[in-house]
Amino acid sequence: MASLTQAVLFLAVIVAVAAPSRALTCSDVMKDLRPCINYLKSGSGAPPSPCCAGASNLAATATATADKQTACNCIKNAAKSITIKPELAKALPGNCGISMPFQISPNVDCSK
């Protein structure tokens with residue numbers, strides 16, 4: 001019985017490792033950055049820790065070019081509909097101690 005359990009566990013691990021990763025969606029991006037909205041609209045000083053945790057998760061998740069472009073376009077569109085302080089948006093990655101492959105701005109070119 002132990003051999004069967006080990007075999008099933010081994011196959012589950014192989015399937016999990018071999019399964020293609022799911023593409024990033026705007027819902028994923030917004031879920032990660034939702035804690036940042038009030039800060040970007042009217043904050044000052046350091047971003048709240050849930051904001052940095054979400055931004056860090058987004059930076060770690062958006063590794064493929066398509067995911068980076070999806071995240072960039074989602075953020076760009078959201079930035080157009082929400083009045084944010086551009087200086088806080090631009091400084092957010094640095095203030096959270098992370099690196100983003102694009103600026104948080106309504107004017108960023110997401111094709112690069």
Novice: Donor-acceptor pairs are to be reported for all side-chain atoms of residues 73-84 against protein atoms at under 3.5 Å, with residues two or more places apart or in another chain.
Specialist:
residue: Asn73; atom: ND2; partner: Gln69; partner atom: O; Å: 3.1
residue: Lys76; atom: NZ; partner: Val108; partner atom: O; Å: 2.9
residue: Asn77; atom: ND2; partner: Asn73; partner atom: O; Å: 3.2
residue: Ser81; atom: OG; partner: Ala78; partner atom: O; Å: 3.1

Novice: Could you name each residue pair satisfying side chain to side chain donor-acceptor pair (under 3.5 Å) that touches residues 26-38, not counting sequence neighbours?
Specialist: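 For residues 26-38: Arg22-Asp28, Thr25-Asp28, Asp32-Asn57.
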Novice: Quick one: list whatever passes side-chain contact (heavy atoms from CB on, under 4.5 Å) with Cys96, sequence neighbours left out.
Specialist: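 side-chain contact (heavy atoms from CB on, under 4.5 Å) list for Cys96, sorted by chain: Pro47, Cys52, Leu92, Ile98.
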Novice: Is any side-chain heavy atom of Leu24 closer than 4.5 Å to one of Leu58?
Specialist: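 Side chain of Leu58 against side chain of Leu24, heavy atoms only: contact under 4.5 Å found.
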Novice: Answer yes or no: does atom NZ of Lys85 have more than 12 heavy-atom neighbours from other residues, nucleotides or ligands under 6.0 Å?
Specialist: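 Yes.
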Novice: Considering residues at least two apart in sequence or located in another chain, which fulfil the side-chain hydrogen bond (donor to acceptor under 3.5 Å, both in side chains) criterion with Ser111?
Specialist: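 So Ser111 forms a side-chain hydrogen bond (donor to acceptor under 3.5 Å, both in side chains) with Asp109.
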Novice: List in chain and number order the residues that pass side-chain contact (heavy atoms from CB on, under 4.5 Å) with Pro48, two or more places apart in sequence or in another chain; answer none if no residue qualifies.
Specialist: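 By the side-chain contact (heavy atoms from CB on, under 4.5 Å) rule, Pro48 matches Tyr39, Pro50, Cys51.
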Novice: Say you draw a straight line from CG of Leu88 to CG of Asn95; how long is it, rounded to the nearest 0.5 Å?
Specialist: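 Answer for the CG-CG pair, Leu88 versus Asn95, is 8.0 Å.
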Novice: Just verifying a value: how many Å separate Cys72 SG and Met100 CE, rounded to the nearest 0.5 Å?
Specialist: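 Reported value, rounded in 0.5 Å steps: 9.5 Å.
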Novice: Do you know the tightest heavy-atom contact between Pro93 and Ala89?
Specialist: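 Closest approach of Pro93 to Ala89, heavy atoms only: CD-O, 3.8 Å.
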